[in-house]
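Start at 1 and go down the list; that is how both ligands and their atoms are numbered.
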Amino acid sequence: MTVEKNKSRLRLRVTAAAETQLRGGHPWVYGDSIREQNRDGAPGELAVIYDRKDAFLAVGLFDPQSPIRVRVLHAGKPQTIDAAWWSARLTQTLERRRDLFDKLTNGYRLINGESDGWPGSVLDRYDQTLVLKLYTAAWLPRFGEISDLIRAQLKPERLVLRLSRNIQAAARKNISAEDGQIIFGDPGSSAEACPTFLENGFRFEADVCHGQKTGFFLDQRENRRAVESLANGRSVLNAFSFSGGFSLYAARGGANSVTDLDISAHALASAKRNFALNQSNSSVARCRHEMLQADAFDWLGGNERRTFDLIVLDPPSFAKREAERSGAIRAYERLAGLGIQHLARDGILVACSCSAHVTAEEFFEAVRRSAGKSGRNFQEIQTTRHAPDHAATFKEAEYLKAIYLRFS
Ligand code: SAH
(Lines give C-alpha, C1' and ligand atoms only; values in the text may rest on other atoms or scores of the structure.)
Protein backbone atom coordinates (compact mmCIF):
# COMPACT_ATOMS: atom_id res chain seq x y z
CA MET A 1 0.00 0.00 0.00
CA THR A 2 1.53 3.28 -1.10
CA VAL A 3 -1.03 5.74 0.17
CA GLU A 4 0.86 6.89 3.24
CA LYS A 5 4.45 6.66 1.95
CA ASN A 6 6.94 9.31 3.06
CA LYS A 7 4.68 10.81 5.65
CA SER A 8 4.45 10.53 9.38
CA ARG A 9 1.57 8.35 10.46
CA LEU A 10 -1.73 10.16 10.74
CA ARG A 11 -2.58 10.14 14.45
CA LEU A 12 -5.82 11.18 16.04
CA ARG A 13 -7.28 11.58 19.49
CA VAL A 14 -11.00 11.66 20.00
CA THR A 15 -13.49 12.70 22.67
CA ALA A 16 -14.20 10.45 25.64
CA ALA A 17 -17.61 9.64 24.22
CA ALA A 18 -16.09 8.61 20.88
CA GLU A 19 -13.53 6.46 22.71
CA THR A 20 -16.34 4.62 24.46
CA GLN A 21 -18.14 4.11 21.15
CA LEU A 22 -14.99 2.71 19.53
CA ARG A 23 -14.39 0.34 22.41
CA GLY A 24 -17.98 -0.81 22.00
CA GLY A 25 -17.27 -1.74 18.39
CA HIS A 26 -18.86 1.22 16.64
CA PRO A 27 -17.22 1.67 13.21
CA TRP A 28 -17.46 5.45 12.73
CA VAL A 29 -15.62 8.48 14.09
CA TYR A 30 -17.29 11.77 13.26
CA GLY A 31 -15.20 14.83 12.42
CA ASP A 32 -16.60 16.76 15.36
CA SER A 33 -15.42 14.16 17.86
CA ILE A 34 -11.78 14.51 16.85
CA ARG A 35 -9.81 16.43 19.51
CA GLU A 36 -6.31 16.21 18.09
CA GLN A 37 -4.82 15.48 14.69
CA ASN A 38 -1.06 15.64 14.00
CA ARG A 39 -1.46 16.79 10.36
CA ASP A 40 -3.88 16.96 7.45
CA GLY A 41 -4.90 13.61 6.08
CA ALA A 42 -5.58 12.49 2.52
CA PRO A 43 -8.69 10.55 1.46
CA GLY A 44 -8.16 6.86 2.07
CA GLU A 45 -5.10 7.24 4.22
CA LEU A 46 -4.88 5.04 7.31
CA ALA A 47 -5.58 7.01 10.48
CA VAL A 48 -4.57 5.60 13.86
CA ILE A 49 -6.63 6.57 16.87
CA TYR A 50 -5.02 6.64 20.29
CA ASP A 51 -6.75 6.89 23.64
CA ARG A 52 -6.10 9.34 26.48
CA LYS A 53 -3.24 7.19 27.74
CA ASP A 54 -1.66 7.02 24.30
CA ALA A 55 -2.64 3.42 23.78
CA PHE A 56 -3.80 2.20 20.37
CA LEU A 57 -7.58 2.21 20.02
CA ALA A 58 -8.36 1.67 16.36
CA VAL A 59 -7.20 2.15 12.79
CA GLY A 60 -9.38 3.15 9.90
CA LEU A 61 -9.80 4.87 6.56
CA PHE A 62 -9.57 8.65 6.74
CA ASP A 63 -12.01 10.73 4.72
CA PRO A 64 -11.44 14.50 5.04
CA GLN A 65 -14.55 15.33 3.00
CA SER A 66 -17.03 13.27 4.96
CA PRO A 67 -18.61 14.02 8.35
CA ILE A 68 -17.74 10.39 9.07
CA ARG A 69 -14.07 11.23 9.24
CA VAL A 70 -12.73 7.75 10.00
CA ARG A 71 -14.27 4.41 9.10
CA VAL A 72 -12.79 1.81 11.37
CA LEU A 73 -11.06 -1.22 9.88
CA HIS A 74 -9.83 -2.65 13.12
CA ALA A 75 -10.12 -1.86 16.83
CA GLY A 76 -8.51 -3.53 19.82
CA LYS A 77 -4.87 -4.68 19.73
CA PRO A 78 -2.57 -2.98 17.20
CA GLN A 79 -2.34 -4.64 13.79
CA THR A 80 -0.41 -3.83 10.64
CA ILE A 81 -2.69 -3.20 7.71
CA ASP A 82 -0.76 -4.69 4.80
CA ALA A 83 -1.54 -6.92 1.82
CA ALA A 84 -1.64 -10.03 4.03
CA TRP A 85 -4.07 -8.30 6.39
CA TRP A 86 -6.48 -7.44 3.55
CA SER A 87 -6.27 -10.94 2.18
CA ALA A 88 -7.05 -12.44 5.60
CA ARG A 89 -9.96 -10.04 6.05
CA LEU A 90 -11.48 -11.11 2.74
CA THR A 91 -11.03 -14.78 3.64
CA GLN A 92 -12.82 -14.25 6.98
CA THR A 93 -15.66 -12.37 5.29
CA LEU A 94 -16.20 -15.10 2.71
CA GLU A 95 -16.04 -17.74 5.42
CA ARG A 96 -19.12 -16.19 7.06
CA ARG A 97 -21.15 -16.96 3.90
CA ARG A 98 -19.77 -20.44 3.34
CA ASP A 99 -22.76 -22.44 4.58
CA LEU A 100 -25.54 -19.91 3.99
CA PHE A 101 -26.64 -20.98 0.52
CA ASP A 102 -26.96 -24.12 -1.57
CA LYS A 103 -26.61 -24.54 -5.33
CA LEU A 104 -30.04 -23.05 -5.96
CA THR A 105 -28.82 -19.61 -4.83
CA ASN A 106 -25.80 -18.00 -6.43
CA GLY A 107 -26.83 -14.36 -5.96
CA TYR A 108 -26.07 -12.94 -2.54
CA ARG A 109 -24.04 -10.38 -0.65
CA LEU A 110 -20.40 -11.27 -0.09
CA ILE A 111 -19.35 -8.11 1.74
CA ASN A 112 -21.82 -6.02 3.71
CA GLY A 113 -19.92 -2.84 4.50
CA GLU A 114 -19.11 -1.93 8.09
CA SER A 115 -20.87 -4.98 9.46
CA ASP A 116 -18.28 -7.17 7.72
CA GLY A 117 -15.32 -4.89 8.43
CA TRP A 118 -15.36 -3.21 5.00
CA PRO A 119 -16.75 0.21 5.87
CA GLY A 120 -18.50 2.03 3.05
CA SER A 121 -18.32 -0.80 0.52
CA VAL A 122 -20.44 -3.68 -0.66
CA LEU A 123 -19.67 -6.70 -2.82
CA ASP A 124 -22.54 -8.66 -4.35
CA ARG A 125 -22.34 -11.89 -6.29
CA TYR A 126 -24.57 -12.61 -9.27
CA ASP A 127 -23.35 -16.04 -10.30
CA GLN A 128 -20.04 -15.35 -12.10
CA THR A 129 -20.42 -11.56 -12.03
CA LEU A 130 -19.30 -9.62 -8.96
CA VAL A 131 -20.41 -6.06 -8.30
CA LEU A 132 -18.33 -3.85 -6.03
CA LYS A 133 -20.13 -0.75 -4.82
CA LEU A 134 -18.20 2.02 -3.10
CA TYR A 135 -19.89 4.64 -0.94
CA THR A 136 -16.82 6.61 0.18
CA ALA A 137 -13.91 8.21 -1.67
CA ALA A 138 -11.66 6.70 0.99
CA TRP A 139 -11.63 3.48 -1.03
CA LEU A 140 -10.47 5.06 -4.27
CA PRO A 141 -6.69 5.00 -3.57
CA ARG A 142 -7.04 1.31 -2.64
CA PHE A 143 -9.29 0.35 -5.49
CA GLY A 144 -6.56 -1.34 -7.58
CA GLU A 145 -5.36 -3.40 -4.66
CA ILE A 146 -8.86 -4.43 -3.58
CA SER A 147 -10.02 -5.36 -7.06
CA ASP A 148 -6.86 -7.45 -7.58
CA LEU A 149 -7.51 -9.19 -4.29
CA ILE A 150 -11.12 -9.92 -5.21
CA ARG A 151 -10.01 -11.29 -8.55
CA ALA A 152 -7.33 -13.49 -7.00
CA GLN A 153 -9.52 -14.94 -4.23
CA LEU A 154 -12.92 -15.18 -5.89
CA LYS A 155 -11.94 -15.67 -9.56
CA PRO A 156 -15.14 -14.20 -11.01
CA GLU A 157 -15.65 -13.92 -14.75
CA ARG A 158 -16.50 -10.26 -14.44
CA LEU A 159 -16.17 -7.41 -11.94
CA VAL A 160 -18.42 -4.36 -12.21
CA LEU A 161 -17.75 -1.16 -10.28
CA ARG A 162 -20.66 0.86 -8.91
CA LEU A 163 -20.19 4.25 -7.25
CA SER A 164 -22.53 6.22 -5.04
CA ARG A 165 -23.40 9.57 -6.60
CA ASN A 166 -21.31 11.62 -4.15
CA ILE A 167 -18.02 9.99 -5.19
CA GLN A 168 -18.49 9.72 -8.96
CA ALA A 169 -16.55 12.90 -9.77
CA ALA A 170 -13.65 11.89 -7.50
CA ALA A 171 -13.55 8.44 -9.10
CA ARG A 172 -13.41 9.94 -12.58
CA LYS A 173 -10.54 12.17 -11.51
CA ASN A 174 -8.54 9.78 -9.33
CA ILE A 175 -8.99 6.35 -10.83
CA SER A 176 -10.51 7.22 -14.25
CA ALA A 177 -13.48 5.02 -13.50
CA GLU A 178 -17.19 5.54 -14.12
CA ASP A 179 -20.20 4.18 -12.30
CA GLY A 180 -21.16 0.92 -14.01
CA GLN A 181 -17.75 0.30 -15.51
CA ILE A 182 -16.72 -3.30 -16.15
CA ILE A 183 -13.33 -3.54 -14.48
CA PHE A 184 -12.49 -6.85 -16.04
CA GLY A 185 -14.23 -9.64 -17.84
CA ASP A 186 -16.26 -9.93 -20.97
CA PRO A 187 -18.30 -6.75 -21.52
CA GLY A 188 -20.03 -8.12 -24.63
CA SER A 189 -22.40 -10.56 -23.01
CA SER A 190 -23.35 -8.23 -20.16
CA ALA A 191 -23.86 -5.14 -22.32
CA GLU A 192 -26.75 -6.53 -24.37
CA ALA A 193 -28.32 -8.63 -21.63
CA CYS A 194 -28.01 -8.30 -17.88
CA PRO A 195 -26.39 -11.29 -16.22
CA THR A 196 -28.78 -13.78 -14.69
CA PHE A 197 -28.34 -15.62 -11.42
CA LEU A 198 -30.19 -18.08 -9.20
CA GLU A 199 -32.14 -17.29 -6.06
CA ASN A 200 -33.84 -20.25 -4.41
CA GLY A 201 -34.08 -21.91 -7.81
CA PHE A 202 -35.48 -18.89 -9.67
CA ARG A 203 -33.54 -17.31 -12.48
CA PHE A 204 -33.50 -13.52 -12.22
CA GLU A 205 -31.74 -10.86 -14.23
CA ALA A 206 -29.72 -8.18 -12.46
CA ASP A 207 -29.09 -4.82 -14.08
CA VAL A 208 -25.61 -4.69 -12.58
CA CYS A 209 -24.28 -1.70 -14.54
CA HIS A 210 -27.21 0.69 -14.16
CA GLY A 211 -29.82 -0.70 -11.76
CA GLN A 212 -30.60 0.43 -8.24
CA LYS A 213 -28.23 -0.81 -5.51
CA THR A 214 -26.09 -3.37 -7.37
CA GLY A 215 -28.89 -4.37 -9.75
CA PHE A 216 -31.25 -6.42 -7.59
CA PHE A 217 -32.72 -6.35 -4.08
CA LEU A 218 -30.87 -9.32 -2.66
CA ASP A 219 -31.85 -8.22 0.85
CA GLN A 220 -35.49 -9.34 0.42
CA ARG A 221 -34.77 -13.00 -0.36
CA GLU A 222 -36.08 -14.33 2.97
CA ASN A 223 -39.22 -12.20 2.89
CA ARG A 224 -39.91 -13.38 -0.65
CA ARG A 225 -39.64 -16.94 0.57
CA ALA A 226 -42.08 -16.22 3.40
CA VAL A 227 -44.52 -14.76 0.85
CA GLU A 228 -44.18 -17.93 -1.22
CA SER A 229 -45.33 -19.97 1.79
CA LEU A 230 -48.38 -17.73 2.33
CA ALA A 231 -49.51 -17.34 -1.29
CA ASN A 232 -51.34 -20.57 -2.11
CA GLY A 233 -54.70 -19.94 -3.77
CA ARG A 234 -54.43 -16.17 -3.26
CA SER A 235 -54.62 -13.17 -5.54
CA VAL A 236 -51.51 -11.12 -4.85
CA LEU A 237 -50.71 -7.44 -5.26
CA ASN A 238 -47.00 -6.68 -5.27
CA ALA A 239 -46.80 -2.92 -4.81
CA PHE A 240 -43.41 -1.32 -5.51
CA SER A 241 -42.65 -4.55 -7.32
CA PHE A 242 -39.39 -3.59 -9.02
CA SER A 243 -38.40 -6.64 -11.13
CA GLY A 244 -41.18 -8.87 -9.77
CA GLY A 245 -39.23 -10.80 -7.14
CA PHE A 246 -42.07 -11.18 -4.63
CA SER A 247 -44.50 -12.02 -7.46
CA LEU A 248 -42.46 -14.92 -8.78
CA TYR A 249 -42.23 -16.47 -5.33
CA ALA A 250 -45.98 -15.96 -4.82
CA ALA A 251 -46.64 -17.60 -8.20
CA ARG A 252 -44.50 -20.61 -7.32
CA GLY A 253 -46.27 -20.77 -3.97
CA GLY A 254 -49.57 -21.33 -5.79
CA ALA A 255 -51.03 -17.83 -6.13
CA ASN A 256 -53.91 -17.64 -8.62
CA SER A 257 -52.81 -14.26 -9.87
CA VAL A 258 -50.03 -11.77 -9.21
CA THR A 259 -50.14 -8.07 -10.01
CA ASP A 260 -46.94 -6.05 -10.19
CA LEU A 261 -47.48 -2.37 -9.45
CA ASP A 262 -44.56 0.00 -10.03
CA ILE A 263 -44.08 3.55 -11.20
CA SER A 264 -41.22 2.53 -13.47
CA ALA A 265 -41.76 1.03 -16.92
CA HIS A 266 -38.17 -0.17 -16.81
CA ALA A 267 -38.85 -2.15 -13.60
CA LEU A 268 -41.98 -3.73 -15.06
CA ALA A 269 -40.15 -4.68 -18.26
CA SER A 270 -37.64 -6.49 -16.09
CA ALA A 271 -40.45 -8.22 -14.17
CA LYS A 272 -41.86 -9.42 -17.49
CA ARG A 273 -38.47 -10.88 -18.50
CA ASN A 274 -38.10 -12.51 -15.09
CA PHE A 275 -41.47 -14.22 -15.50
CA ALA A 276 -40.41 -15.40 -18.96
CA LEU A 277 -37.18 -16.79 -17.50
CA ASN A 278 -39.11 -19.00 -15.05
CA GLN A 279 -41.85 -20.55 -17.18
CA SER A 280 -40.37 -24.01 -16.69
CA ASN A 281 -41.94 -23.96 -13.22
CA SER A 282 -45.51 -25.17 -13.72
CA SER A 283 -46.98 -23.01 -10.93
CA VAL A 284 -45.34 -19.91 -12.40
CA ALA A 285 -46.56 -20.86 -15.87
CA ARG A 286 -50.11 -21.35 -14.55
CA CYS A 287 -50.28 -18.11 -12.57
CA ARG A 288 -51.85 -15.05 -14.21
CA HIS A 289 -49.32 -12.19 -14.26
CA GLU A 290 -50.53 -8.63 -14.63
CA MET A 291 -48.54 -5.41 -14.59
CA LEU A 292 -49.68 -1.92 -13.67
CA GLN A 293 -47.56 1.15 -14.16
CA ALA A 294 -48.74 3.72 -11.63
CA ASP A 295 -47.86 5.63 -8.50
CA ALA A 296 -48.77 3.17 -5.75
CA PHE A 297 -50.20 5.89 -3.46
CA ASP A 298 -52.38 7.19 -6.29
CA TRP A 299 -53.52 3.76 -7.40
CA LEU A 300 -54.29 2.45 -3.92
CA GLY A 301 -55.89 5.73 -2.84
CA GLY A 302 -57.81 6.33 -6.09
CA ASN A 303 -61.07 5.01 -7.48
CA GLU A 304 -59.86 1.46 -7.92
CA ARG A 305 -61.90 -0.85 -5.68
CA ARG A 306 -60.23 -4.19 -6.42
CA THR A 307 -59.28 -6.37 -3.49
CA PHE A 308 -56.49 -8.90 -3.11
CA ASP A 309 -55.83 -11.80 -0.74
CA LEU A 310 -52.21 -10.84 -0.14
CA ILE A 311 -50.59 -7.45 -0.54
CA VAL A 312 -46.86 -6.73 -0.38
CA LEU A 313 -45.83 -3.12 0.20
CA ASP A 314 -42.09 -2.63 -0.31
CA PRO A 315 -41.54 1.05 -1.07
CA PRO A 316 -38.18 2.80 -1.49
CA SER A 317 -36.75 4.56 1.56
CA PHE A 318 -39.02 7.36 2.78
CA ALA A 319 -36.32 8.89 5.01
CA LYS A 320 -32.93 9.49 3.48
CA ARG A 321 -32.13 11.92 6.31
CA GLU A 322 -32.91 12.07 10.02
CA ALA A 323 -35.03 15.19 9.38
CA GLU A 324 -37.39 13.13 7.23
CA ARG A 325 -38.03 10.55 9.95
CA SER A 326 -41.41 11.67 11.27
CA GLY A 327 -42.75 12.34 7.78
CA ALA A 328 -41.64 8.85 6.79
CA ILE A 329 -43.44 7.25 9.75
CA ARG A 330 -46.65 9.04 8.72
CA ALA A 331 -46.17 7.90 5.12
CA TYR A 332 -45.78 4.28 6.24
CA GLU A 333 -48.93 4.52 8.30
CA ARG A 334 -50.84 6.03 5.40
CA LEU A 335 -49.55 3.49 2.90
CA ALA A 336 -50.46 0.57 5.16
CA GLY A 337 -53.95 2.06 5.55
CA LEU A 338 -54.36 2.29 1.78
CA GLY A 339 -53.18 -1.30 1.42
CA ILE A 340 -55.60 -2.60 4.07
CA GLN A 341 -58.52 -1.02 2.17
CA HIS A 342 -57.68 -3.32 -0.74
CA LEU A 343 -57.37 -6.48 1.36
CA ALA A 344 -60.09 -9.10 0.99
CA ARG A 345 -61.45 -11.05 3.99
CA ASP A 346 -58.73 -13.23 5.50
CA GLY A 347 -56.22 -11.11 3.55
CA ILE A 348 -52.54 -10.81 4.48
CA LEU A 349 -50.58 -7.59 4.50
CA VAL A 350 -46.77 -7.71 4.24
CA ALA A 351 -45.42 -4.23 4.89
CA CYS A 352 -41.70 -3.55 4.53
CA SER A 353 -39.45 -0.60 5.29
CA CYS A 354 -35.89 0.04 4.19
CA SER A 355 -35.48 3.45 5.90
CA ALA A 356 -32.49 3.31 8.26
CA HIS A 357 -33.75 6.45 10.02
CA VAL A 358 -36.98 4.75 11.04
CA THR A 359 -36.46 2.06 13.67
CA ALA A 360 -38.10 -1.32 13.41
CA GLU A 361 -40.37 -0.59 16.39
CA GLU A 362 -41.41 2.80 15.00
CA PHE A 363 -42.30 1.17 11.72
CA PHE A 364 -44.13 -1.79 13.26
CA GLU A 365 -46.11 0.59 15.49
CA ALA A 366 -47.06 2.74 12.48
CA VAL A 367 -48.42 -0.30 10.63
CA ARG A 368 -50.20 -1.61 13.73
CA ARG A 369 -51.81 1.84 14.25
CA SER A 370 -53.08 1.74 10.72
CA ALA A 371 -54.41 -1.77 11.21
CA GLY A 372 -56.14 -0.62 14.40
CA LYS A 373 -57.74 2.35 12.65
CA SER A 374 -59.12 0.09 9.91
CA GLY A 375 -61.62 -1.23 12.44
CA ARG A 376 -60.96 -4.80 11.25
CA ASN A 377 -59.74 -7.61 13.44
CA PHE A 378 -56.18 -8.57 12.71
CA GLN A 379 -53.53 -10.92 13.93
CA GLU A 380 -49.80 -10.50 13.72
CA ILE A 381 -48.12 -13.37 11.89
CA GLN A 382 -44.52 -12.28 12.27
CA THR A 383 -41.98 -9.51 12.02
CA THR A 384 -38.64 -9.96 10.26
CA ARG A 385 -35.31 -8.15 10.07
CA HIS A 386 -32.07 -8.53 8.17
CA ALA A 387 -31.10 -11.49 6.02
CA PRO A 388 -28.02 -13.46 7.16
CA ASP A 389 -25.82 -12.24 4.28
CA HIS A 390 -26.90 -8.66 5.16
CA ALA A 391 -26.32 -8.91 8.91
CA ALA A 392 -26.15 -5.49 10.63
CA THR A 393 -23.76 -5.17 13.58
CA PHE A 394 -24.61 -1.63 14.70
CA LYS A 395 -27.70 0.53 14.92
CA GLU A 396 -27.12 2.80 11.93
CA ALA A 397 -26.68 -0.24 9.67
CA GLU A 398 -30.13 -1.60 10.48
CA TYR A 399 -32.59 -0.61 7.82
CA LEU A 400 -34.75 -3.53 6.71
CA LYS A 401 -37.83 -4.68 8.61
CA ALA A 402 -41.15 -6.23 7.66
CA ILE A 403 -44.39 -6.97 9.43
CA TYR A 404 -46.96 -9.59 8.39
CA LEU A 405 -50.59 -9.11 9.47
CA ARG A 406 -53.64 -11.23 8.73
CA PHE A 407 -57.02 -9.46 8.65
CA SER A 408 -60.36 -11.13 9.14
N1 SAH B 1 -39.88 -5.26 -3.81
C2 SAH B 1 -38.78 -5.11 -4.74
C3 SAH B 1 -37.91 -3.91 -4.44
C4 SAH B 1 -38.65 -2.60 -4.44
S5 SAH B 1 -37.61 -1.23 -4.75
C6 SAH B 1 -37.98 -6.39 -4.80
O7 SAH B 1 -38.26 -7.32 -4.04
O8 SAH B 1 -37.09 -6.49 -5.63
C9 SAH B 1 -38.75 0.06 -4.86
C10 SAH B 1 -39.52 0.13 -6.16
O11 SAH B 1 -40.51 1.13 -5.98
C12 SAH B 1 -38.73 0.56 -7.39
O13 SAH B 1 -38.91 -0.39 -8.43
C14 SAH B 1 -39.35 1.90 -7.82
O15 SAH B 1 -39.48 2.05 -9.23
C16 SAH B 1 -40.72 1.82 -7.20
N17 SAH B 1 -41.37 3.08 -6.84
C18 SAH B 1 -40.82 4.19 -6.30
N19 SAH B 1 -41.78 5.11 -6.02
C20 SAH B 1 -42.96 4.55 -6.40
C21 SAH B 1 -44.30 4.99 -6.35
N22 SAH B 1 -44.63 6.18 -5.86
N23 SAH B 1 -45.26 4.15 -6.80
C24 SAH B 1 -44.95 2.93 -7.30
N25 SAH B 1 -43.68 2.48 -7.37
C26 SAH B 1 -42.70 3.26 -6.92
Side-chain angles (χ1 to χ4, degrees), residues 105 107-109 124 126 131 194 196-200 202-208 210-228 230-231 236-253 255 258-275 277-278 289-302 304 308 310-320 324 327-328 330-332 334-339 342 349-356 358 384 386-387 389-390 399-404:
T105 299
Y108 50 87
R109 180 148 294 186
D124 284 343
Y126 296 101
V131 186
C194 299
T196 65
F197 66 97
L198 293 176
E199 184 184 275
N200 289 318
F202 286 109
R203 186 160 289 284
F204 286 113
E205 64 173 32
D207 186 2
V208 291
H210 310 290
Q212 298 179 54
K213 292 210 171 193
T214 61
F216 193 79
F217 290 87
L218 293 169
D219 53 356
Q220 286 286 29
R221 179 193 317 107
E222 280 67 19
N223 282 320
R224 288 195 271 267
R225 206 163 191 154
V227 163
E228 175 175 14
L230 294 167
V236 176
L237 173 65
N238 181 11
F240 308 91
S241 63
F242 188 57
S243 59
F246 277 104
S247 302
L248 272 154
Y249 278 75
R252 189 170 68 181
V258 290
T259 302
D260 281 328
L261 170 59
D262 202 285
I263 202 162
S264 153
H266 187 74
L268 293 172
S270 177
K272 191 170 178 189
R273 287 191 295 273
N274 282 332
F275 265 83
L277 282 172
N278 291 283
H289 179 216
E290 175 192 22
M291 284 173 293
L292 298 171
Q293 189 187 351
D295 178 298
F297 281 91
D298 289 351
W299 194 86
L300 291 167
E304 183 60 58
F308 299 86
L310 194 163
I311 297 181
V312 179
L313 302 172
D314 183 25
S317 174
F318 288 158
K320 296 250 158 67
E324 294 167 345
R330 283 195 299 277
Y332 284 123
R334 180 160 162 255
L335 181 62
L338 293 174
H342 288 269
L349 179 75
V350 179
C352 312
S353 160
C354 61
S355 302
V358 175
T384 65
H386 279 233
D389 56 332
H390 287 69
Y399 66 95
L400 193 65
K401 50 266 181 196
I403 181 166
Y404 295 59

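By the salt bridge (charged side-chain N to carboxylate O under 4.0 Å, His left out) test, Arg252 is found to be paired with Glu228, residues two or more places apart in sequence or in another chain being considered.
In terms of polar-atom proximity, Gln220 is not counted as a contact of ligand 1, lacking any N or O under 3.5 Å from an N or O of the ligand. On a distance-only criterion, Ser243 and ligand 1 share no N/O pair closer than 3.5 Å. Polar contact check, Asp262 against ligand 1: a nitrogen or oxygen pair lies under 3.5 Å apart. At under 3.5 Å, a nitrogen or oxygen of Phe240, whether backbone or side chain, sits near a nitrogen or oxygen of ligand 1. In terms of polar-atom proximity, defined here as any N/O pair under 3.5 Å, Ala296 does make such a contact with ligand 1. Backbone and side-chain nitrogen or oxygen atoms of Pro316 are examined, and none is located within less than 3.5 angstrom of a nitrogen or oxygen of ligand 1.
With a heavy-atom cut-off of 4.0 Å, Ala239 does not touch ligand 1 at all.
Close contacts between ligand 1 and Ser241 involve ligand atoms 2 (C) [criterion: under 4.0 Å to a heavy atom]. Every atom of ligand 1 with a heavy atom of Ser264 under 4.0 Å away is listed here by number and element: 15 (O). Interface atoms of ligand 1 facing Phe242, defined by a heavy-atom separation under 4.0 Å, are 2 (C), 3 (C), 4 (C), 8 (O), 13 (O). Within ligand 1, the atoms closer than 4.0 Å to a non-hydrogen atom of Ala294 are 23 (N), 24 (C), numbered from 1 in the order shown.
Taking the six-membered ring where the residue is Trp, the centroids of Tyr108 and His390 are separated by 6.0 Å or more.
The single protein non-hydrogen atom nearest to atom 22 (N) of ligand 1 is Asp295 OD2, 3.2 Å, given as residue, atom name and distance. Shortest contact from atom 6 (C) of ligand 1 to any protein heavy atom: Arg224 NH1, 3.5 Å. What sits closest to atom 3 (C) of ligand 1 on the protein, heavy atoms only, is Asp314 OD2, 3.4 Å. At the top of the distance list for atom 25 (N) of ligand 1, counting protein heavy atoms only, stands Ile263 N, 3.1 Å.
Not close to ligand 1: Cys352, with no non-hydrogen atom less than 4.0 angstrom away. Ligand 1 has no atom lying under 4.0 Å from any heavy atom of His266. Residue contact annotation: Phe246 has a non-hydrogen atom under 4.0 Å from ligand 1. Ligand 1 does not have Gly245 within reach: every non-hydrogen atom of the residue lies 4.0 Å or more from it.
Using bins of under 30°, 30° to 60° and over 60° for the plane-to-plane angle, the ring pair Phe308/Trp299 lands in the tilted bin. Between Phe297 and Phe240, the ring planes are perpendicular. Angles over 60° get that label, and only those under 30° would be called parallel. In this structure, Phe197 and Phe204 have tilted ring planes: the angle between them lies in the 30° to 60° band. Ring pair Tyr249/Phe202 is tilted by interplanar angle, where 30° to 60° counts as tilted.
In this structure, the side chains of Leu198 and Arg203 come closer than 4.5 Å at one or more pairs of heavy atoms. No side-chain heavy atom of Leu313 sits under 4.5 Å from any side-chain heavy atom of Tyr332. At a threshold of 4.5 Å between non-hydrogen side-chain atoms, the residues Gln220 and Asp314 count as touching.
Between the side chain of Lys213 and the main chain of Leu218, no donor-acceptor pair closer than 3.5 Å is present.
The structure places OG of Ser241 at 9.0 Å from CE of Met291, a figure rounded to the nearest 0.5 Å.
The only member of Asp124, Asp389, Thr214 that meets side-chain hydrogen bond (donor to acceptor under 3.5 Å, both in side chains) when paired with Arg109 is Asp124.
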